[in-house]
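Chain identifiers are assigned alphabetically (A, B, ...) following the order of the sequence lines, protein sequences preceding nucleic acid strands; residue numbering begins at 1 within each chain.
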2 protein chains.
Amino acid sequence: MRPMGMKIELLRAIAHPIRIQILDELTKGVKCVSDFEDFFEVSQPNLSQHLSLLRRHGIIDYYVDGRLRCYFLKDPIIPDLIKLLKNDYEEELPSPACCPVTKKGVYPGDRRR
Amino acid sequence: MRPMGMKIELLRAIAHPIRIQILDELTKGVKCVSDFEDFFEVSQPNLSQHLSLLRRHGIIDYYVDGRLRCYFLKDPIIPDLIKLLKNDYEEELPSPACCPVTKKGVYPGDRRR
DNA sequence: TTGAAATATAATGATATTTGCATGTTTTGT
DNA sequence: ACAAAACATGCAAATATCATTATATTTCAA
């Protein structure tokens, strides 16, 4: 079992708009660098840096095919994580009526209950 | 439906060891600031800063009970996210047929070779 | 063999994050 | 009224992240 510290590093690694897009594309299949360049607006060096970061974290990997680098997903948590992010959550969690310990308390300011 | 950009901001907001711990504790119930101080090693001002950040992002909220602030979870994605992070993933995802070892294989796509 | 395509790496500067520390505010007990 | 408890806030320093630009590497094709 991977320690929680590593999972937090994983979260930090993926918490970036471009890197999420990269991972989202990779859940659909193998892609090479210039495929991403076509899809979203980012310079090639910047894209490489994001790919490199994801690889350093063991989240993705690639194989070499001629002058292409074909990237693919490696960390099994990614598809589930992407799917979770795409979920639709309408309702907020129910607020507690009062402090469970003191059974007292009001919300600050004009916040409604 | 909350746009993906916001969800990424949410990821960034929670991707911190102390903030994950805070959220993990909050999935178990309402807690006030000094409860957290007992649990993990962090100064009171720093703890307050993390709580404040989470609240700015709408992830948690609190109500006032005397001089206590009782924090609770607000964003419904958090329990699912915490649970997912605690999952145990043993196996890596299967690499595509054309693997780095053989250096062979076809790139799946119509890009020119 | 020469050039271009595909991609990586390195250096730089700008911006953001994190923490520590000092101090402020509100509430409660005496 | 006073002091302490519980918490927040403001600021500065250290550090990390990010995009940009320039350059390097490898492979393929003519």
(message) For R12(A) and S48(A), find the nucleotide of DNA chain C closest to each by heavy atoms; which residue's nucleotide sits nearer the 5' end?
(response)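 Looking at the nearest nucleotide for each, S48(A) comes out on the 5' side.
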(message) Main chain of C32(A), side chain of R69(A): is a donor-acceptor contact present, judged purely on distance under 3.5 Å?
(response)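 No, R69(A) side chain to C32(A) backbone: no donor-acceptor pair under 3.5 Å.
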Atom-pair distance ([atom1] on [X]; [atom2] on [N]), nearest Å:
| X | N | atom1 | atom2 | result |
| --- | --- | --- | --- | --- |
| D65(A) | dT27(D) | CG | P | 12 Å |
| Y63(A) | dT7(C) | OH | P | 12 Å |
| D38(A) | dA5(C) | CG | P | 14 Å |
| I14(A) | dT17(D) | CD1 | C1' | 16 Å |
| L47(A) | dA5(C) | CG | P | 18 Å |
| L68(A) | dT25(D) | CG | C1' | 15 Å |
| I60(B) | dA8(D) | CD1 | P | 9 Å |
| L54(A) | dC18(D) | CG | P | 11 Å |

(request) Considering non-hydrogen atoms only, spot the tightest contact between R12(B) and A15(A) and give its length. (result)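 Distance-wise, the nearest heavy atoms are CG-O, 3.3 Å.
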(message) Could you report the tightest heavy-atom contact between K7(B) and N87(A), atom names first, then the distance?
(response) NZ-O, 2.8 Å
At less than 4.0 Å, is any side-chain N or O atom of [X] found next to OP1 or OP2 of [N]? Yes or no.
| X | N | answer |
| --- | --- | --- |
| R69(B) | dA8(D) | yes |
| R19(A) | dC18(D) | yes |
| H50(A) | dC18(D) | no |
| Y71(A) | dA8(C) | yes |

(message) Taking the minimum atom-to-atom distance to the side chain of Q49(A), which one of dA19(D), dT9(D), dT18(C) wins?
(response) dA19(D)
(message) Of the listed nucleotides (dA29(D), dG20(C), dC7(D)), which one gets closest to any side-chain atom of R67(A)?
(response) dA29(D)
(message) Contact between L85(A) and I8(B) at the side-chain level, heavy atoms closer than 4.5 Å - yes or no?
(response)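 No - every pair of side-chain heavy atoms lies 4.5 Å or more apart.
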(message) So for Q44(A) and dA6(C), does any side-chain atom that can act as donor or acceptor lie under 3.5 Å from a complementary atom in the base?
(response)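 No.
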(request) Please round to the nearest 0.5 Å and tell me the distance separating atom CZ of F36(A) and atom CG of L47(A). (result) 7.0 Å
(request) Let me know, please, whether N46(A) or S34(B) comes out on the 5' side of the other along DNA chain D by nearest nucleotide. (result)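 Per heavy-atom nearest nucleotide, the more 5' residue is S34(B).
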